[in-house]
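Positions are given from 1, in the same order as the sequence printed here. Reckoned from all heavy atoms, side chains included, excluding hydrogens, waters and symmetry mates. Read the numbers this way: they start at 1 and go in the same order the structure lists the ligands and their atoms.
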Amino acid sequence: MLAVRVPKKEAEKIRRKLLELGVLANGYSIKREGGFVLFPVTEPLDSFELVEAEFEKLENRPHSYREVVEVPEELRPLLPSSFDIIGDIAIIELPEELMPCGRAIGEAILKVHRHIKAVFAKGGKVEGEYRVRELIHLAGENRTVTIHRENGIRLRIDVARVYFSPRLATERMRVFERAQPGEIVFDMFAGVGPYSILLAKKARLVFAVDLNPWAVCYLEKNVRLNRVNNVIPILGDVRKVAGKIKADRVIMNLPKFADRFLREAMLSVRPGGTIHYYGFGPEEDLYSEHEAMIRAIARELGLTVEFLDRRKVRPYAPRQFNIAIDFSVR
Ligand SMILES: C[S@@+](CC[C@H](N)C(=O)[O-])C[C@H]1O[C@@H](n2cnc3c(N)ncnc32)[C@H](O)[C@@H]1O
């Protein structure tokens, strides 16, 4: 069922908020997942990260596709307990053995989750410069364009042509909460604009760059959809733009390769401005390698670094996390 996913330390505050809003689903136990807590909710909410998850149930109506799907008994333990929802599209990661049952799984998801209209399986890893992955249609409409609601904004997305992860909603809100009114923001890897458009609500100007023409096409649509007039979409390699902008806040949401763009980020931030750096790190030492790299590049440029915050954003792979480091340079 639909769930709100929040970092553990914010769980109690958000539980009270969900109760206040009257959207916390009754009769289920909450669920813990890494450093996060999942609350079952009765309707989609704009300002929280939404995921699909199973909870210990108390009623008879099926709440999970796993209760209704027909697969060989020996494969049942392999059925994933959660999947992503982007707008009205579900994207599930199936192990190889379950792929022949893909249609049945897709149909079961459609049956139990009436707001979902199309189901796809992940066809591989997120790859290439554009950070997209192949999708395999399982059931429902064979359509990859949808409108996703998050943090009070609407995003039109083609899930087959651009990168988008609904699991970053909480992180995006965290960056928004740290932003000050009137800032100049530089979103170096903007995608369809989930950071840019959200931050446009506070910023004076947002420069939003992406290499993928489809991402910039949807970013432009989303600027219109959300009626913001202070986002400047730029199609191209961020290296061509960096250094020409002096921003108060720089967002480097390209965790796989952000380290390669640290110089560009540091040359594009005003003294004392904030850089939001993302990367991947092993559980046993999440930050050291990244922080050493940040220090080394700053030293080369004759700058000093102040680390402001660091955090786990989400689990990425077994014993690997997507991490964030906020820092400033002078
Ligand atoms: C991980 S996605 C993040 C997108 C967006 N910030 C979000 O949260 O959904 C990274 C994006 O960076 C873009 N990208 C990769 N290399 C780039 C480069 N050298 N210059 C500009 N954009 C680039 C990709 O096309 C992709 O859309």
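Listed by number with element, the atoms of ligand 1 under 4.0 angstrom from any heavy atom of Asn212 are 25 (O). Using a 4.0 Å cut-off to heavy atoms of Gly236, the atoms of ligand 1 that qualify are 20 (N), 21 (C). Close contacts of ligand 1 with Phe261, meaning ligand atoms under 4.0 Å from a residue heavy atom, involve 19 (N). For ligand 1, the atoms closer than 4.0 angstrom to any heavy atom of Asn253 are 1 (C), 2 (S), 3 (C), 5 (C), 6 (N), 7 (C), 8 (O), 10 (C).
Ring orientation note: the planes of Tyr278 and Tyr195 are tilted relative to one another, at an angle of 30° to 60°.
Under 4.0 Å is where a charged nitrogen must lie from a carboxylate oxygen, and between Glu183 and Arg249 at least one such pair does. No salt bridge links Glu171 with Arg314; every basic N to acidic carboxylate O contact stays at or beyond 4.0 Å. Taking 4.0 Å as the cut-off between side-chain N and carboxylate O, Glu12 and Arg16 count as a salt-bridged pair. For Arg310 and Glu291, the salt-bridge test passes: some basic side-chain N is under 4.0 Å from an acidic carboxylate O. The existence of a salt bridge linking Asp326 and Arg311 is confirmed by a sub-4.0 Å separation between a basic side-chain nitrogen and an acidic carboxylate oxygen.
Geometrically, Arg131 does not engage Tyr163 in a cation-pi contact defined by less than 6.0 Å to the ring centre and at most 45° from the axis. Annotation: cation-pi pair Lys202/Phe176 present, NZ/CZ under 6.0 Å from the ring centroid and within 45° of its normal.
Contact analysis leaves Lys256 out of contact with ligand 1, as no non-hydrogen atom separation drops below 4.0 angstrom. The shortest separation from a heavy atom of Ser196 to ligand 1 is not under 4.0 Å, leaving the residue out of contact. Residue contacts with ligand 1 do not include Phe257, since none of its heavy atoms lies under 4.0 Å from the ligand.
At the shortest separation from atom 26 (C) of ligand 1 among protein heavy atoms lies Asp210 OD2, 3.4 Å. For atom 19 (N) of ligand 1, the nearest protein heavy atom (residue, atom name, distance) is Asp237 OD1, 3.2 Å. For atom 22 (N) of ligand 1, the nearest protein heavy atom (residue, atom name, distance) is Leu211 N, 3.2 Å.
Residue contacts with ligand 1, taken as heavy atom pairs separated by less than 4.0 Å, do not involve Ser165 at all.
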